[in-house]
Amino acid sequence: MAQQRYDPTTIEPKWQQLWERESTWQVDNDPAVAGAEAKSYVLEMLPYPSGEPHVGHLKNYALGDAIAHFRRRTGHRVLHPMGYDAFGLPAENNAIKTGVAPRVATDKSIAAYRHWFHRWGISIDWSRELATHEPAYYRWTQWIFLKLYERGLAYRKEAAVKWCPFDQTVLANEQVIDGRCERCGHEVELRQLEQWFFRITDYADRLVDDLDGIDWPENVKAMQRNWIGRSEGAEVTFRCEDWDPAHPIDYTVFTTRPDTLFGATFFVMAPEHPDVFKLVAGTEHEAPVHEYVNRALTEATETRGAADKPKTGVPLGRTVTNPVNGEAIPMYVADYVLMEYGTGAVMGVPAHDQRDYDFATAFHLPIRPVVAPAAGDAPDITQQAFTAHTDDERLINSDGFTGMDAVAGRDAIVAWLDRRDAGHASTNFRLRDWLISRQRYWGCPIPIVYCDGCGLVPVPESDLPVRLPEVEDYQPRGKSPLAAAENWVNTTCPACGGPARRETDTMDTFVDSSWYYLRYCDARNDAAPWDREVLKAWTPVDTYIGGIEHAILHLMYSRFFVKALADMDLLDVQEPFGTLFTQGMILGADGNKMSSSKGNSVAPSEIVERFGADAARCYVLFIGPPEQDAAWSDTGVEGVYRFLARLWRLGDGLAEDGTPGRPADQPPTSDGDALTLVRKANWAIEKVTNDMRGRFAFNTAIAAVMELVNEVYRHPEADVAARRFAVATAASLIFPFAPHLGAEIYEIVTGRRVWTEPWPEADPRMLVADTFELVCQVNGRVRDRVTAPTGAPREELEKLCLAASGVQTHIEGKEIVKVIVVPDKLVNIVVK
RNA sequence: GCGGCGGUGGUGGAACGGUAGACACGGCGGCCUCAAAAGCCGCUGUCCUUCGGGACGUGUGGGUUCGAAUCCCACCCGCCGUACCA
């Protein structure tokens with residue numbers, strides 16, 4: 001036994017096999033069976049299975065597992081499941097390149113992920129495992145699609161959509177980054193196509209408002225608010241009468257500043273606006289407008305969108321009438337106005353908008369201030385003036401509204417417009433409906449058929465799932481590869497029985513992952529996606545852990561799903577994820593993002609082989625605060641390995657002189673070294689517990705266990721009972737982070753299974769010593785430290801401090817003005 | 001521009017308004033060994049020192065306080081997100 005070394009390769013498989021054999025982490029849905037404790041649903045974002053897991057996964061699941069273990073041992077019934085986000089483009093693109101079918105490659109990756117989750121010792125309830133590409137799962141994805149369709153939340157329409165020419169598919173707005181496909185980086189094009197959408201805009205208000213009630217990081221909430229982009233303002237109608245006086249045309253604009261309406265001196269339309277050509281047909285402006293619009297439309301979205309680009313545009317030779325003052329203002333077409341936001345037309349108020357100011361300056365248009373601070377005269381119109389708003393702003397140059405407070409004036413102008421049917425208060429959103437069709441193979445089929453007689457017909461629920469057929473050729477050709485599967489495409493109409501064709505587009509994979517956390521609750525239910533009572537017992541997810549990269553897409557879509565399903569009376573919560581924790585990235589040792597091309601990445605498999613899963617898990621949590629990015633360090637892992645080995649040696653030493661089979665309770669009495677150890681153990685319990693409850697300060701929790709272990713080494717003479725207590729406590733506390741070693745040492749010392757033991761509680765009497773080190777300050781600077789009895793009265797502490805030699809030299813010959821006493825801590829003597 | 005978050009030793013990072021730098025890495029020294037590995041034990045913010053100690057020190061400048069890394073004001077720098085969004 002003696003001189004053996006810490007060997008994770010024998011310890012770790014032993015416990016993994018036991019947990020596997022006994023299904024240790026399985027929980028029952030029936031509360032009668034499961035026990036009546038409070039539930040806790042701990043969930044890490046499900047992985048997209050590609051190759052093997054990387055260190056980011058290791059950190060993600062190590063984090064979630066620590067929380068799951070802690071909750072279990074503090075009286076919670078914990079749901080901690082696992083699944084795979086199995087559909088998706090990379091597997092399909094890989095298939096095109098290598099010929100390996102997406103299903104084959106995906107299943108292989110899933111097997112690898114599953115293997116590593118076992119090998120890492122993550123405490124997963126495997127009875128609930130799922131993968132989104134299995135018919136048993138996507139059958140219900142289709143079912144939810146049909147429910148959304150029934151309710152009018154899934155619809156088909158022709159629209160200008162973002163098209164990736166490389167991936168040969170349309171993309172959601174959210175998947176276009178700086179005008180490029182987020183997957184492959186190719187510049188996207190606009191195409192006029194008929195596509196499926198989810199009406200997420202119906203939920204825009206609730207998606208913004210309900211952010212206030214959930215415990216999410218501020219930056220994630222801000223990103224969602226930003227993305228949804230709610231702005232309050234008004235719609236105002238400007239009438240164009242000089243195109244055809246007999247048939248005036250009304251153009252509505254959206255503005256957030258109806259208070260500045262009297263300052264409108266021109267009117268601008270987006271190049272894409274459908275009326276632009278009509279307005280100039282047959283006039284001298286026709287040629288320049290055509291030229292300008294064509295140039296604008298072909299210009300790359302990126303260069304056109306640059307905010308610092310000089311303003312360009314051409315006149316349309318028409319005017320519109322400002323409804324508030326009857327003034328005719330000239331119309332322009334300019335590319336700084338976007339068709340996809342608002343109405344595709346804006347009023348130009350150069351005195352109060354930077355962009356309008358730039359345009360007016362370039363085209364020598366009048367600039368008329370209409371809002372000014374009450375105190376001063378008309379404001380000095382400079383480029384800096386636009387953001388400077390003051391509380392006392394008043395309207396000027398605004399006819400009957402002049403002199404009104406800007407806020408009141410705004411409301412009065414809107415009301416005035418409303419009465420004349422020329423405008424009304426309005427809220428505008430940046431959020432667009434979610435485009436979910438993809439012209440690709442490896443996704444969930446959309447359960448719709450097209451019949452010549454009946455038109456668009458949903459597949460009846462009883463016919464679900466619409467299975468994804470096997471195909472040979474995955475090459476996208478502008479339409480889904482499914483279109484070539486003739487046997488599958490041709491079907492009969494569920495309504496009339498006549499010939500019909502299936503929808504060949506598949507769904508965006510974000511649809512699959514928008515509801516998987518619901519399915520985990522009742523994963524083996526064949527009759528329904530879930531039983532409502534079961535769902536009620538588990539939802540919402542209490543703690544959701546994942547990367548910040550999902551701040552908008554996945555997290556917003558999931559929130560939309562839950563709200564829509566709640567409105568259909570299918571579930572009982574309004575938000576899917578109560579607390580969200582966004583973990584930081586693990587960077588390469590050079591501080592850069594890990595990437596195979598940079599050669600700075602670390603494979604978890606290698607680390608686990610060299611140091612064991614426990615060391616790998618502890619290290620990624622010890623490296624720093626979990627929400628922060630941190631650079632990988634090889635010597636850092638070695639340090640954590642050394643710590644675990646030190647703990648193991650302590651346990652191994654006690655195997656010989658301990659009393660296995662009995663709990664290592666706190667000894668009833670101790671003194672000297674033993675007392676020091678018992679106190680340190682209690683201190684560690686207190687520290688680790690606090691660090692894990694609420695905030696997830698796992699780095700300092702692990703550091704506390706390190707301190708405890710160091711303390712045991714420093715007191716080899718302490719009696720066995722105290723050492724057993726200290727070592728068993730260390731094993732118990734490290735268990736959420738290093739479950740194998742924790743279980744092993746706890747078993748060696750006590751003969752018991754640590755995960756069935758309640759989380760230790762600190763003995764309050766052991767958290768305070770008889771004496772403490774009194775800090776003696778003079779004018780706030782530490783001048784001495786003396787030993788003082790705990791709980792001593794203020795006068796005694798003051799006396800002790802004044803007597804301290806270090807203090808004496810600094811107060812000699814000075815007048816004592818004041819003495820501050822902080823009991824059991826310090827005394828500060830203020831002298832002059 | 002706007003929004004969010006940061007700035008502490010050689011490094012990662014600790015610090016309810018109360019001993020700045022826990023813990024770890026790295027470095028230095030010692031023990032063990034024929035030697036090494038492993039392990040164990042010390043020391044390790046900077047400068048000065050008569051070796052008792054002293055001065056300075058948490059991006060910069062002010063302020064509040066007996067006492068500020070922490071709170072307030074102004075500024076500088078960095079990261080992340082977002083942006084002709086009317």
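Letters A, B, ... mirror the listed sequences (proteins, then strands); counts begin at 1.
Closest contact between the side chain of A:Val337 and the listed nucleotides B:A86, B:A22, B:U82 involves B:A86. Taking every side-chain heavy atom of A:Met223 into account, B:G81 is the closest of B:G3, B:A86, B:G81.
Applying the ring pair (Phe, Tyr, Trp, His ring centres under 6.0 Å) test to pairs two or more places apart or on separate chains, those with a residue in residues 690-709 of chain A are A:Phe581-A:Phe696, A:Phe696-A:Phe698, A:Phe698-A:Phe737. Residue pairs meeting the salt bridge (Lys or Arg N to Asp or Glu O under 4.0 Å) criterion with at least one partner in residues 687-699 of chain A, sequence neighbours excluded, are A:Lys687-A:Asp691, A:Asp691-A:Arg695.
A:Arg432 comes within 4.0 angstrom of nothing in the nucleic acid, heavy atoms only. Contacts of A:Val830 with the nucleic acid, taken as non-hydrogen atoms under 4.0 Å apart, involve only primed sugar atoms and P, OP1 or OP2. Residue A:Arg225 is out of contact with every strand shown, counting any heavy-atom pair closer than 4.0 Å. Within 4.0 Å (heavy atoms only), A:Gly639 reaches sugar-phosphate atoms of the nucleic acid but no base atom. A:Glu340 comes within contact range of no nucleotide atom at all, as no heavy-atom separation falls under 4.0 Å.
With its glycosidic angle within 90° of 0, B:G52 adopts the syn conformation.
Between the P atoms of B:U64 and B:A68, the separation comes to 11 Å (whole Å). Taking the C1' atoms as reference points, B:G59 lies 15 Å from B:C79, given to the whole Å. When the C1' atom is used for both B:A20 and B:G57, the distance is 9 Å, rounded to whole Å. Between the P atoms of B:C31 and B:U70, the separation comes to 45 Å (whole Å). Taking atom C1' in both B:G4 and B:U65, the straight-line distance is 31 Å, to the nearest Å. To the nearest whole angstrom, the two C1' atoms, one in B:U49 and one in B:G42, are 23 Å apart. Across the C1' atoms, B:C76 and B:G26 are found 31 Å apart, a figure rounded to whole Å. If you take atom P in B:C43 and the same atom in B:A22, they sit 12 Å apart, rounded to whole Å.
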In B/S/- notation, 5' to 3', how is nucleotides 9-18 of chain B contacted by protein heavy atoms closer than 4.0 Å? ---SSSSB-B
Go along nucleotides 26-31 of chain B 5' to 3' and tag each nucleotide: B for a protein heavy atom under 4.0 Å from its base, S when only backbone or sugar atoms are that close, - otherwise. S-----
Could you list, one pair per line, each protein nitrogen or oxygen that sits under 3.5 Å from a nitrogen or oxygen of nucleotides 42-50 of chain B, together with the distance?
none

Could you provide the dot-bracket string of RNA chain B, using ( ) for intrastrand pairs, [ ] for crossing pairs and | for bases paired to another strand, with Watson-Crick or G-U pairs below 3.5 Å? (((((((..(((.....[....)))((((((.......))))))((((....))))..(((((..]....))))))))))))....
